[in-house]
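When a ligand or atom number is given, it counts from 1 through the structure's own listing order.
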Amino acid sequence: SNDTIMQLENSISTEDAPANPKSNTTESTAVANSNEPNPLSKSQLKKRRKQEEWEANKSKRTEFRRIKRKEKQARKAAAQAAGLLPPPPPSSSRRPVQVPVSFLIDCDFESYMMEKEIISLTAQVTRCYSDNRTAVYRGHMGISGWGGKMKERFEGVLAGNFNSWKGVKFMEEGWMEAAGIMDGLMRGAEGGKLLGALATENGLEEYKKPRRGSKKQEAESAGPESAELESAEAVQLEVDEQLNPSIPEASDATNSSSTTPNIVYLSSDSENTLTTLSPYTTYVIGGIVDKNRHKGLCYKRACDAGIPTAKLPIGEYMTMQSRTVLTVNHVMEIMIRWLETGDWGKAFSKVIPKRKEAKLKAKEETDGAEGEEDNEGEDGDGLDEDV
Ligand code: SAH
């Protein structure tokens, strides 16, 4: 069949110029006149034969193109399966919108964990990745303190799958330095110009909208709720694409080199409560699974470094019978669901497993968020939730 294909390839290469006896005038007329019994010259015969061959091969050519097309599709699918190409968009063709917020998992806690806790943490980090990857509004994700047993596990047992993760920055640096790197990533090449964004009153809402095309007007005229949904479908915003057009110029201090990144270390022990996620801010999650043996560990780490801390507003939206120290992936997912809904209550009820007996305190009857999604099914993923 290789031969056939080569033959066909040759015949296709002449496609643009198939022999056409009728178009050949002067030379053939002269020959025909001097040779009455055979009105066609040798070269005319040859051309006619070629023409006939060309016609006869028509269906073969069609078949050849079909095979080539199939081969190309197969190559693409294989590359996607191997993670060399981005996977095809989900069937809903929902395109995530990248927003300028960073989630940084501080994985510099290995010495505090037992082997099985490291395994659990690795699963949680994987879950964070897929939750962010498939989110309607996706943040930038980073892992600091990358190395040690976690890296070994990702490379070994987990077969190096992380190599094909998109949009995650793996950093050997400690969390503070890594937060600076994430800051640079969020701001892209625009640098200090983007500082103006910090003054944006709408916070992240500004970045959830599509930046160009007619869908923007459509979405906006359809009201805020559907604008949010439309924007998710409309455009996939690459970082710098989304940053360029809409960000107000900073009125002062446009030198990025002299600015410190916005960092908030998340900890259930913090006296501060998170109300919103702010643009160009890196939220650090302590990458540790310890059944809370090491109480206040992350809180102390942040305080020692002079970095602000905050807890998620659990108490304000839910009553929880068990303790409110959550797993890494739950903390991450709550933030992702907040980006999606703009409502902490909804975010919590979508994420916190029912067996924690989380109940919405406020707005319980009014918005019916409780029971919107059954989280029980998510408990069998080996995550360590009984912290
Ligand atoms: N013994 C550890 C517990 C870590 S839980 C400690 O006290 O530091 C893993 C991480 O999830 C925490 O470091 C924190 O970043 C985040 N986290 C858990 N519960 C949280 C909450 N209620 N609010 C904010 N962050 C939380």
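Counting atoms of ligand 1 from 1 in the listed order, those under 4.0 Å from a heavy atom of Gly296 are 7 (O). Close approach of ligand 1 to Leu266 (heavy-atom distance below 4.0 Å) involves ligand atoms 14 (C), 15 (O), 24 (C), 25 (N). Within ligand 1, the atoms closer than 4.0 Å to a non-hydrogen atom of Ile288 are 4 (C), 9 (C), numbered from 1 in the order shown. For ligand 1, the atoms lying closer than 4.0 Å to a non-hydrogen atom of Ile314 are 22 (N). Atoms of ligand 1 found under 4.0 Å from any heavy atom of Asp290 (numbered from 1 in listed order, with element): 1 (N), 2 (C), 3 (C). When each atom of ligand 1 is checked for a heavy atom of His294 under 4.0 Å away, the hits are 1 (N), 2 (C), 6 (C), 7 (O). Distances below 4.0 Å separate heavy atoms of Val325 from the following atoms of ligand 1: 3 (C), 5 (S), 19 (N).
Ligand 1 has no N or O atom lying under 3.5 Å from any N or O atom of Val331, backbone or side chain. In terms of polar-atom proximity, defined here as any N/O pair under 3.5 Å, Thr324 does make such a contact with ligand 1. Geometrically, ligand 1 and Val328 share no nitrogen or oxygen pair separated by less than 3.5 Å. Among the atoms of Ile285, none of the N or O lies under 3.5 angstrom from an N or O of ligand 1. Checking only distances, Lys311 never comes within under 3.5 Å of ligand 1, N or O to N or O.
Paired with Ile285 under the rule side-chain contact (heavy atoms from CB on, under 4.5 Å), one option of Thr327, Val331, Asn329 passes, and it is Val331.
Ring orientation note: the planes of Tyr283 and Phe103 are tilted relative to one another, at an angle of 30° to 60°.
Applying the 6.0 Å contact sphere to OH of Tyr112 captures no more than 12 heavy atoms from other residues, nucleotides or ligands. Around the NZ atom of Lys70, the shell of radius 6.0 Å holds no more than 12 heavy atoms that belong to other residues, nucleotides or ligands. More than 12 heavy-atom neighbours from other residues, nucleotides or ligands sit within 6.0 angstrom of CD on Glu155.
Legend: residues meeting ring pair (Phe, Tyr, Trp, His ring centres under 6.0 Å) with Tyr265, ordered by chain and number and at least two apart, are Trp175.
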**OP:** Given side-chain hydrogen bond (donor to acceptor under 3.5 Å, both in side chains), test Glu271 with Tyr299 step by step and report yes or no.
**Re:** CA-CA 10 Å; Glu271 63 281 9; Tyr299 180 70; 2.8 Å; yes
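Which of Leu312, Thr327, Asn329 comes nearest to atom 24 (C) of ligand 1 through a heavy atom is settled by distance: it is Leu312.
Trp338 is not listed as a side-chain neighbour of Leu274, based on a closest heavy-atom distance of 4.5 Å or more.
Contacts between Ser267 and ligand 1 below 4.0 angstrom, taking non-hydrogen atoms only, involve the backbone exclusively.
Taking the centre of each ring, Phe154 and Trp165 come in below the 6.0 Å mark.
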